[in-house]
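The structure displayed is predicted, hence computed values, not measured ones. Start at 1 with the first residue, then count along the sequence.
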Amino acid sequence: MSSFQKIIVVGSGIAALSFAKTISENCQVFVMTKKQYSASNSMLAQGGIAAAVSPHDSVEQHVKDTIVAGCDHHDDRTVQEVLRIGKDLVKRLVEEGCPFDKNEAGVPQLAKEGAHATERILHAGGDQTGKTLVQFLKSQLGSHIHLYEHHHVIDLLIDDQTCVGVVWKDERGHVHTMTADAVVLSTGGCGDLYETNTNDSSVTGDGLMMAYRAGAQLVDLEFVQFHPTLLTIAGTAVGLISEAVRGEGAFLEDETGRRIMEGIHPQSDLAPRDIVSRVMFHEQKAGHQTYLNIRNVPHFKTRFPTICALCKKAGIDLTSGRLPVSPGMHFLMGGIKVNEYGETSVPSLFAIGEAACTGLHGANRLASNSLLESLVLGNKAARRIEQLPKPHTTMPHIPMQDVWPVPNISKNKLKQWMTTYAGIVRDENNLKLLLNTLEQVSFQVINVKDITNEQIELSNGWGLAICLVKSALYRTESRGGHYRMDHPERNDALWRGKQIVHEKGDIHIIEKERIDASWNVYS
């Protein structure tokens with residue numbers, strides 16, 4: 001039985017809810033989210049959850065597909081464990097009545113997405129898997145779980161290098177603190193750093209920068225996944241078109257009907273996302289329009305109701321059979337370095353979901369592995385906390401950060417810079433130009449009592465952008481979501497098994513073999 005009595009979870013997506021569903025009733029859990037609980041990437045997840053539940057599939061094949069898509073930049077043991085445990089957790093969800101879409105035989109209908117060798121994707125509500133999972137998990141929470149909306153956690157309380165709570169602001173801008181035996185960050189990645197992205201607007205890199213200020217490691221920040229198919233009207237992305245649409249037979253073409261992925265990759269339109277996004281990027285740079293041809297997709301309107309509603313709202317005529325699409329930032333493979341239980345190097349601080357870097361996704365996430373990872377890591381973090389001794393018995397007054405540096409730029413300008421110079425295709429000159437520009441930006445120092453939520457997000461985004469660009473400069477190769485025009489090939493001799501780490505203002509390179517082993521920060 002855990003002697004942890006009070007736990008704060010920051011964020012309300014599937015990782016947070018998996019943790020809350022699993023944790024012992026002996027713990028009081030305070031789930032804090034800066035907007036409504038529904039404001040998360042999980043709620044927007046159209047794609048499904050990948051699991052080798054078919055008798056024609058295997059965890060071994062799922063592992064192979066994950067490693068191929070991620071360009072051999074993984075923690076192999078983590079990949080095997082997450083996919084094995086994930087399979088069991090998905091089966092348990094089915095048994096508990098989670099309403100996955102079923103076939104005529106009454107078993108979950110499995111679909112295929114990019115870089116998967118076989119059908120292993122479970123969906124719910126057609127293209128509303130994330131929303132369905134969030135609602136199902138939330139319905140199973142006990143009375144020991146307390147959900148607080150509009151509690152904007154802005155920083156961590158640290159005492160003797162241990163995390164002992166959080167600093168948060170209410171809707172009126174008043175500053176509060178709350179202490180706890182452990183804090184679990186489930187805040188998502190940093191989609192809002194880019195002009196065109198699939199993320200909820202609340203996903204601004206806050207959790208990563210809170211952990212960084214607390215002394216935790218950030219790793220693999222250069223690996224940013226761009227999704228190939230965002231519905232784009234007059235140059236503006238208005239929503240995501242799930243990869244499942246291509247899994248059902250849709251394909252990419254230009255304005256003349258030429259199939260742009262033919263001859264590029266053996267899996268054609270279902271090639272890994274980094275490859276498809278780069279092809280689309282180069283096609284658009286060459287002056288072509290890019291479309292998703294949906295004419296061969298059976299029962300499109302009933303299979304993809306969310307996408308149909310999105311198209312209708314955008315004024316797209318589905319009878320034309322083609323949707324205008326462009327790539328956009330989708331997922332951060334890097335994040336807060338954690339071990340297999342979600343523990344960071346800061347005692348009593350955990351990270352789960354997209355905010356964490358477990359080593360599962362490598363340099364390029366395999367489609368529909370993110371919801372699976374969130375289920376598994378939320379579950380494992382909860383089980384870990386139940387096994388740990390209470391880390392501290394007294395709670396002295398802990399000083400909080402009084403002032404914040406806020407750059408004298410707009411969020412839109414920051415997003416424009418990142419999209420132009422640190423986007424799908426990068427090179428040394430543009431990255432150096434961007435880094436110099438970011439570091440030369442003047443800033444004002446604002447008291448925590450006076451700072452707005454928007455200024456906090458801008459400050460975090462600016463700091464994280466600098467770290468990300470430094471990582472992109474350091475890695476002089478192309479691998480997965482990181483593509484350098486001046487270093488267009490993988491360089492295994494120089495870079496295989498190496499991670500770029502940001503820690504306490506320093507940046508250095510570590511051999512993955514030295515950090516793959518789990519560590520116990522309480523020993």
Pair [X]-[Y], side-chain donor/acceptor within less than 3.5 Å:
X: Thr358; Y: Glu373; result: yes
X: Asp192; Y: Ser201; result: no
X: Gln225; Y: Asp274; result: no
X: Asp450; Y: Asn447; result: no
X: Thr204; Y: Lys34; result: yes
X: Glu195; Y: Gln416; result: no
X: Ser202; Y: Asp200; result: yes
X: Gln61; Y: Thr118; result: no
X: His482; Y: Glu477; result: no
X: His508; Y: Asp506; result: yes
X: Ser478; Y: Arg490; result: no

Would you say that [X] contacts [Y] through its side chain, given a criterion of any heavy-atom pair below 4.5 Å between the two side chains?
X: Trp417; Y: Leu438; value: yes
X: Lys112; Y: Ile121; value: no
X: Thr290; Y: Ile260; value: yes
X: Phe251; Y: Ser268; value: no
X: His361; Y: Thr66; value: no
X: Phe331; Y: Thr198; value: no
X: Val224; Y: Leu468; value: yes

Donor-acceptor pair, distance only, cut-off 3.5 Å: does the side chain of [X] make one with the backbone of [Y]?
X: Asn364; Y: Gly480; value: no
X: Thr232; Y: Leu230; value: yes
X: Thr33; Y: Gly11; value: no
X: Thr344; Y: Leu349; value: yes
X: His288; Y: Glu253; value: no
X: Asn339; Y: Glu343; value: yes
X: Tyr483; Y: Gly423; value: no
X: Gln499; Y: Val501; value: no
X: Glu354; Y: Leu332; value: yes
X: Asp159; Y: Thr162; value: no

How far does [atom1] of [X] sit from [atom2] of [Y], to the nearest 0.5 angstrom?
X: Leu221; Y: Leu208; atom1: CG; atom2: CG; result: 6.5 Å
X: Met329; Y: Ser277; atom1: CE; atom2: OG; result: 11.5 Å
X: Leu473; Y: Ile507; atom1: CG; atom2: CD1; result: 8.5 Å
X: Asp220; Y: Glu222; atom1: CG; atom2: CD; result: 5.5 Å
X: Leu292; Y: Met280; atom1: CG; atom2: CE; result: 8.0 Å
X: Leu458; Y: Lys413; atom1: CG; atom2: NZ; result: 13.0 Å

Got a salt bridge between [X] and [Y], using NZ or NE/NH1/NH2 to carboxylate O under 4.0 Å?
X: Asp492; Y: Arg479; answer: yes
X: Asp65; Y: Arg120; answer: yes
X: Glu243; Y: Arg273; answer: yes
X: Glu340; Y: Arg384; answer: no
X: Glu81; Y: Arg77; answer: no
X: Arg484; Y: Asp486; answer: yes
X: Glu60; Y: Arg84; answer: no

*According to the interplanar angle, ranging from 0 to 90°, do the rings of His227 and His330 count as parallel (below 30°), tilted (30 to 60°) or perpendicular (above 60°)?*
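Rings of His227 and His330: perpendicular, as their planes differ by over 60°.
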
_Over-ring placement of Lys415 relative to Tyr194, 6.0 Å and 45° cut-offs_ =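 No, Lys415 does not lie over the aromatic ring of Tyr194.
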
Would you name the heavy atoms of [X] and [Y] that are closest together and state the gap between them?
X: Thr196; Y: Pro327; result: CG2-O, 3.8 Å
X: Arg426; Y: Ala472; result: NH1-CB, 3.8 Å
X: Ile294; Y: Arg322; result: CG1-N, 4.3 Å
X: Ser368; Y: Glu113; result: OG-OE1, 2.9 Å
X: Leu431; Y: Tyr421; result: CD2-O, 3.5 Å
X: Arg213; Y: Asn460; result: NH1-OD1, 2.9 Å

*Please lay out, stage by stage, how Gln401 and Trp404 fare under the test side-chain contact (heavy atoms from CB on, under 4.5 Å).*
CA-CA 8 Å; Gln401 179 173 321; Trp404 289 65; 3.6 Å; yes

*Should the heavy atoms of other residues, nucleotides or ligands under 6.0 Å from CD of Glu255 be counted, would the total exceed 12?*
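More than 12 heavy atoms, drawn from other residues, nucleotides or ligands, come within 6.0 Å of this atom.
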
*Report the C-alpha distance between Asp72 and Ile67 in whole Å, list the side-chain angles of each, state the deciding distance to 0.1 Å, and finish with yes or no for side-chain contact (heavy atoms from CB on, under 4.5 Å).*
CA-CA 5 Å; Asp72 199 23; Ile67 291 175; 4.2 Å; yes

*Leu185/Ile336 under side-chain contact (heavy atoms from CB on, under 4.5 Å): CA gap, chis, key distance, verdict*: CA-CA 9 Å; Leu185 296 174; Ile336 306 163; 3.9 Å; yes

_Selection residues 461-474 - residue pairs positive for side-chain hydrogen bond (donor to acceptor under 3.5 Å, both in side chains), sequence neighbours left out_ =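 Found Ser471-His502.
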
*asked:* I'd like to check the side chain to side chain donor-acceptor pair (under 3.5 Å) partners of Thr476; sequence neighbours left out, ordered by chain and number.
replied: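 For Thr476, the residues satisfying side chain to side chain donor-acceptor pair (under 3.5 Å) (neighbours in sequence not counted) are Trp495.
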
_Working for side chain to side chain donor-acceptor pair (under 3.5 Å), residues Asp206 and Thr187_ = CA-CA 7 Å; Asp206 299 341; Thr187 53; over 6 Å; no

_Taking side chain to side chain contact (heavy atoms under 4.5 Å, CB included) as the definition, give me every residue that meets it alongside Gln80, ordered by chain and number, with sequence neighbours left out._
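Side chain to side chain contact (heavy atoms under 4.5 Å, CB included) check on Gln80 returns Val63.
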
_Among Ser186, Ser18, Ser374, which residue satisfies the side chain to side chain contact (heavy atoms under 4.5 Å, CB included) criterion with Ile352?_
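The single option meeting the side chain to side chain contact (heavy atoms under 4.5 Å, CB included) with Ile352 is Ser186.
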
